[in-house]
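Atoms within a ligand are numbered from 1 in the order they appear, just like the ligands themselves.
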Amino acid sequence: MLSIVSTPIGNLGDITLRAIETLTKCDAIVCEDTRVTGQLLHLLNLPKKELISFHGYTNPEKADVIIERLKNNQHLCIVSDAGTPAISDPGFVLISKVRATGLPIEVIPGPSAFLAALSASGLPINQFVYLGFLPLKKGRQTLLKSLINEERTIVFYESPHRIQKTLSELATILADQPKRPIVIARELTKMHEEVRCTTIGELKAVTEVMTVKGEFVVVVGGK
Ligand code: SAM
């Protein structure tokens, strides 16, 4: 059995009972960074486990070794450093390969930064578009321009190094729609959690005083 286990995005208290139970009883944990997952087990007072590194740069053939173990009835978990595996994180390659074998998979849902930001945003979220991280170069301008006519709420991840530049690009591209709402969610579930709700027209003034440390999710209201 492969268990896909979500872990907290900053607040240990957000671990679920099922995640604790599953991480405790499994044979080994496939993880993005063994140090991060080792530390999570330690902080949660969970038993030490064999940690198998499987990140974005891992040779996909390593998945075959993991699949062999699943075929031998081992119970493995997959986690990422934080949040839900395969959401802008490693996991997809392994999960799709295991799916193709027909071996059992269960999912232990839990935190994900974009869902937390959407629900905190106060914007309509019956429908939304999740963009992950925006492309750095190729396709970036096309994607940003496509937001001009997007009617659904848009959510994406951004790093602290690029947040100012990205917000300034958004302010320029959406300048003709100054009333469109935009929400900048920072350090969700952590001590310095901050959710700034503003509009495209006011965005420049907000970014000038905004703290640019930590982790960010940006939510933009639809046209
Ligand atoms: N798999 C994760 C999930 O389910 O949310 C996302 C992993 S992605 C590599 C990491 C990005 O998520 C960060 O760069 C940031 O944009 C966002 N993020 C993660 N934790 C966050 C938090 N506590 N507050 C705001 N954004 C966060």
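Between Lys190 and Glu215 a salt bridge is recorded (basic side-chain N to carboxylate O distance below 4.0 Å). Ion pairing between a basic and an acidic side chain is recognised when a charged N comes within 4.0 Å of a carboxylate O; Arg18 and Glu106 show such pairing. Between Arg180 and Glu150 no salt bridge is recorded (no basic side-chain N to carboxylate O distance below 4.0 Å).
When non-hydrogen atoms are compared, ligand 1 lies under 4.0 Å from the side chain of Lys190 (C-beta onward) but not from its backbone. Contacts of Asp89 with ligand 1, taken as heavy-atom pairs under 4.0 Å, involve the side chain alone. Under 4.0 Å from ligand 1, the heavy atoms of Phe133 that appear belong solely to its side chain. Contacts between Ala82 and ligand 1 below 4.0 angstrom, taking non-hydrogen atoms only, involve the backbone exclusively.
For Arg35 and Ser53, the side-chain atoms include no donor-acceptor pair closer than 3.5 Å.
Taking a cut-off of under 4.0 Å to the non-hydrogen atoms of Glu187, the atoms of ligand 1 that pass are 23 (N), 24 (N), 25 (C). Interface of Thr84 with ligand 1, defined as ligand atoms under 4.0 Å from a residue heavy atom, comprises 1 (N), 3 (C), 4 (O). Counting the atoms of ligand 1 from 1 in the order shown, those under 4.0 Å from a heavy atom of Gly83 are 3 (C), 4 (O). Of all the atoms in ligand 1, the ones that sit under 4.0 Å from a non-hydrogen atom of Glu158 are 16 (O).
When only interatomic distances are considered, the shortest N/O to N/O separation between Phe216 and ligand 1 falls below 3.5 Å. Any N or O atom pair closer than 3.5 Å counts here, and Tyr157 shares at least one such pair with ligand 1. Geometrically, ligand 1 and Ala113 share a nitrogen or oxygen pair separated by less than 3.5 Å. Distances between N or O atoms of Ala185 and those of ligand 1 include no value under 3.5 Å. Between Ser80 and ligand 1, no N or O atom pair is found at a separation short of 3.5 Å. Here's the thing with Pro111: none of its N/O atoms is less than 3.5 angstrom from an N/O atom of ligand 1.
Atom 26 (N) of ligand 1 has its closest protein heavy atom at Val217 CG2, 3.3 Å. For atom 20 (N) of ligand 1, the closest non-hydrogen atom of the protein is Glu215 OE1, 3.3 Å. Protein heavy atom nearest atom 22 (C) of ligand 1, with residue, atom name and distance: Leu188 N, 3.6 Å. For atom 9 (C) of ligand 1, the nearest protein heavy atom (residue, atom name, distance) is Ser88 O, 3.1 Å. At the shortest separation from atom 4 (O) of ligand 1 among protein heavy atoms lies Ser112 OG, 2.7 Å.
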Exercise for the section: Walk me through it: do Lys213 and Glu194 pass the test salt bridge (charged side-chain N to carboxylate O under 4.0 Å, His left out)? Expected result: CA-CA 11 Å; Lys213 275 197 226 140; Glu194 186 180 28; over 6 Å; no
Practice task
Take Asp64 and Lys97 through the salt bridge (charged side-chain N to carboxylate O under 4.0 Å, His left out) test and state the conclusion after the steps.
Solution key: CA-CA 8 Å; Asp64 299 334; Lys97 282 193 162 205; 3.6 Å; yes
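The two residues Pro160 and Val212 make their nearest non-hydrogen contact at CB-O, 3.0 Å.
Within the 3.5 Å criterion, the main-chain N or O of Phe54 finds no donor-acceptor partner in the side chain of Lys62. A donor-acceptor distance shorter than 3.5 angstrom exists from the side chain of Thr84 to the backbone of Pro111, with no hydrogens or angles considered.
Heavy atoms of other residues, nucleotides or ligands lying less than 6.0 angstrom from CG of Asn72 number more than 12. Heavy atoms from other residues, nucleotides or ligands lying under 6.0 Å from CG of Asn59 number more than 12.
Close placement of the Tyr157 and Tyr130 rings is indicated, their centers lying within 6.0 Å of each other.
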